[in-house]
Amino acid sequence: MENERVVIVGAGEAGIGAALALRALGFSGSVRLFGKESEDPYHRPPLSKAFLDGTETEDGMRSARAEDFTALDLSVSLSTPVISIDRERRTVSTAAEEVEYDHLILATGADNRRMPGSDIDGVLGLRTIADARLLREALSTRRRLVIIGAGFLGLEVASVAADRGLEVEVVEAAQTPMGGKVSSSTTQAIEHYLRSRGISFSLGSGVAEFLQEDGILTGVRLADGRVIETDSLLSSIGVVPNVELAREAGLTVDNGIVVDDRLRSVDDPRISVIGDVASFPGGGGRLRVESVANALDQAFSVANRLIGQDAPYRSVPWFWSIYGPHRLELVGIAVDIDEVIVHGDPLNYDYAAYCFHDGELVRFESLNRPREHMKMRRAFERGPLPSPSDISEPGYSLTDWKLAPTS
Ligand code: FAD
């Protein structure tokens, strides 16, 4: 292991997670990590939450610092994009050097999908800390904010912006917020809360064009011809995985870089892929999950394999999102949900939604029930999971649900 050389591309949650996990697990070879961004590595979730509302500092969001790299003997080059991979010679190249690897970890993440007009002054996106600084500035200087896209991220920003006193309108092409990715209880609860904060919604509305005068945003024209005047706009219509490097190296790409159940490229066992960019087997097909927990679990799994503990990657995705005082938590995947049993009251912001596929619990969504969320994460890991009839029994309580002993 001492002579093994691991190269990691991407200094986001997954790349940094892999470097730290390798050392935590006792990997004694060399670790070289390349990151494209110039900033010290940071966590992204606060960018749409505590950093945006001013309760988190930039320093508090750092995921690792130069002194950690020195202490752990990690060689980290920021502001250094990897521009190519030579799989035959097992090297990666930057503009300045060529570096050999025994094992390569691709953790290149994703970038925002952009709409035409994204360069107009007043049109913003949110992926990086640089984006978040601009958005935070806009929240203190602009009067209105139109958000295109009612996903988790757009709605989190809507909530903060409304609290900061902006008039906020969310425009969404689908008929419901959150893109049908959650149960109707969750959609109902979050939409109800956001409307109560004065946020308005244009649902089922496509965008025709952004309007400008002398390069400065004045509004947005919807597909039905309606014009919404605004001096700022957040485009939040999802991400595209960063696959170009892999594609050029001949790796199979299909909504992410395609990996096997060990998170190895299906074309090259010396290349592992983790985080937002990985398309891995799961849920009866392929999954690409955009969450911190997924990035860190996959980083840990690959680090374990590289120190000789080979096992298939099995982890249940979980995610959280914050709207004012309300914390939404989700565990499991949303494959063809055909039955939902709700305990509690979504409109009172206190509920748990058990989501089933063919009688099997596949997803658990809860608002402001952190203990139940934690219990359910353990149930997904260890079993057993409650069935619809268990949950419908009078006296059923998740708190009292008996989990299998740990193996
Ligand atoms: P990324 O974070 O995208 O990092 C990849 C890095 O690789 C980037 O820095 C990129 O510049 C770099 N890179 C790309 N190509 C190269 C190259 N050729 N050479 C070198 N470097 C390269 N998840 C949650 O679970 N909960 C939340 O509440 C939550 N909130 C979020 C809020 C915001 C505003 C955003 C943007 C995301 C949020 N997420 C949340 C999602 C979560 O942050 C991502 O799933 C996670 O960051 C993915 O980590 P990653 O390392 O795979 O990718």
Side-chain angles (χ1 to χ4, degrees), residues 7-20 32-53 56 61 63-64 76-85 92-95 99 104-113 124-136 147 149 151-157 159-160 234 236 238-249 256-257 263 272-280 288-299 302 317-323 327-331:
V7 169
I8 303 173
V9 185
E13 216 74 61
I16 293 289
L20 299 180
R32 266 305 316 246
L33 188 150
F34 295 97
K36 196 163 67 171
E37 292 181 59
S38 56
E39 304 279 345
D40 280 345
Y42 55 93
H43 299 294
R44 295 191 199 279
L47 299 181
S48 53
K49 308 175 185 69
F51 178 70
L52 206 54
D53 73 17
E56 180 61 281
M61 295 192 311
S63 54
V76 178
S77 307
L78 301 174
S79 300
T80 312
V82 166
I83 50 181
S84 65
I85 303 167
V92 299
S93 293
T94 69
V99 179
L104 176 63
I105 301 178
L106 297 179
T108 49
D111 277 329
N112 282 343
R113 180 169 287 131
L124 301 155
L126 181 56
R127 179 77 192 173
T128 65
I129 197 167
D131 296 335
R133 288 185 194 119
L134 291 176
L135 182 58
R136 194 155 90 159
I147 296 174
F152 294 109
L153 199 145
L155 296 183
E156 286 183 349
V157 174
S159 172
V160 175
L234 177 74
S236 180
V239 298
V240 270
N242 290 322
V243 296
E244 291 68 29
L245 196 59
R247 200 198 305 270
E248 279 165 23
I257 306 168
L263 304 173
S272 298
V273 187
I274 55 176
D276 280 15
V277 75
S279 162
F280 59 99
R288 194 179 63 73
V289 176
E290 294 162 23
S291 90
V292 170
N294 174 70
L296 295 180
D297 287 348
Q298 294 192 338
V302 166
W318 62 272
F319 185 82
W320 78 97
S321 186
I322 291 177
Y323 308 93
R327 186 176 175 94
L328 172 69
E329 290 171 304
L330 310 127
V331 53

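Atoms within a ligand are numbered from 1 in the order they appear, just like the ligands themselves. Reckoned from all heavy atoms, side chains included, excluding hydrogens, waters and symmetry mates.
When every heavy atom of Gln298 is checked against every heavy atom of Gly275, the shortest pair comes out as OE1-N, 2.9 Å. For Tyr42 against Ile129, the heavy-atom pair with the smallest separation is OH-N, 3.0 Å. The shortest heavy-atom contact between Asp40 and Ala64 is CB-O, 4.4 Å. Considering all non-hydrogen atoms of both residues, Pro45 and Trp320 come closest at CB-CZ2, 3.6 Å. Nearest heavy-atom pair across Leu33 and Ala19 is CD1-CB, 3.9 Å. Scanning both residues, Arg127 and Ala110, for their nearest heavy atoms gives NE-O, 3.1 Å.
For the side chain to side chain contact (heavy atoms under 4.5 Å, CB included) with Phe319, the qualifying choice from Leu330, Val289, Val292 is Leu330, the only one to do so.
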Might you work through the side-chain contact (heavy atoms from CB on, under 4.5 Å) test for Asp131 and Leu124, ending with a clear yes or no?
CA-CA 7 Å; Asp131 296 335; Leu124 301 155; over 6 Å; no
Audit row: Asn294, Glu290, side chain to side chain donor-acceptor pair (under 3.5 Å) steps and yes/no
CA-CA 7 Å; Asn294 174 70; Glu290 294 162 23; over 6 Å; no
List the steps and the verdict of side-chain contact (heavy atoms from CB on, under 4.5 Å) for Leu52 and Leu135.
CA-CA 8 Å; Leu52 206 54; Leu135 182 58; 3.8 Å; yes
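Looking only at heavy atoms of the protein, atom 21 (N) of ligand 1 is closest to Lys36 N, 3.0 Å. The protein atom (non-hydrogen) at minimum distance from atom 7 (O) of ligand 1 is Gly10 CA, 3.3 Å. Among protein heavy atoms, the minimum distance from atom 24 (C) of ligand 1 is reached at Phe319 CE1, 3.3 Å. Of all protein heavy atoms, the one closest to atom 16 (C) of ligand 1 is Thr108 CG2, 3.8 Å. Scanning the protein heavy atoms around atom 34 (C) of ligand 1, the nearest turns out to be Leu153 CD1, 3.5 Å. Distance from atom 37 (C) of ligand 1 to its nearest protein heavy atom, with residue and atom name: Arg44 CB, 3.9 Å. Among all non-hydrogen protein atoms, the one lying nearest atom 18 (N) of ligand 1 is Val82 O, 3.0 Å.
Some N or O of Val292 is nearer than 3.5 Å to an N or O of ligand 1, by distance alone. Note: an N/O pair closer than 3.5 Å links Lys49 and ligand 1 by distance alone. Considering backbone and side-chain N/O atoms, Glu156 never comes within less than 3.5 Å of an N/O atom of ligand 1. Residue Ala14 has at least one N or O atom closer than 3.5 Å to an N or O atom of ligand 1. For Glu13, a nitrogen or oxygen atom sits less than 3.5 Å from a nitrogen or oxygen atom of ligand 1, counting backbone and side chain alike. An N or O contact shorter than 3.5 Å is missing between Ser48 and ligand 1 by distance. For ligand 1, the polar-atom distance check finds no N/O of Ser321 at less than 3.5 Å from any of the ligand's N/O atoms. Between Arg127 and ligand 1, a contact under 3.5 Å exists for at least one N or O pair.
Taking every heavy atom of Val9 and a limit of under 4.0 angstrom, the matching atoms of ligand 1 come to 17 (C), 19 (N), 20 (C). Within ligand 1, counting atoms from 1 as listed, the ones closer than 4.0 Å to a heavy atom of Glu37 are 8 (C), 9 (O), 11 (O). For ligand 1, the atoms closer than 4.0 angstrom to any heavy atom of Ala110 are 3 (O). Those atoms of ligand 1 with a heavy atom of Gly275 less than 4.0 angstrom away are 52 (O). In summary, the atoms of ligand 1 found under 4.0 Å from a heavy atom of Pro81, numbered by their order in the structure, are 19 (N), 20 (C). For ligand 1 and Gly12, the ligand atoms under 4.0 Å from any heavy atom of the residue are 4 (O), 6 (C), 51 (O). Under a 4.0 Å criterion applied to the non-hydrogen atoms of Glu290, ligand 1 contributes the atoms 45 (O). Distances below 4.0 Å separate heavy atoms of Asp276 from the following atoms of ligand 1: 44 (C), 45 (O), 46 (C), 48 (C), 52 (O).
The shortest separation from a heavy atom of Ala107 to ligand 1 is under 4.0 Å, placing the residue in contact.
The closest non-hydrogen atom to atom 31 (C) of ligand 1, taken over Gly109, Gly15, Pro45, comes from Pro45.
With respect to the salt-bridge test (charged N to carboxylate O, under 4.0 angstrom), the residues Arg44 and Asp276 do not qualify.
Of the N and O atoms on the side chains of Glu156 and Ser321, at least one donor lies less than 3.5 Å from an acceptor on the other residue.
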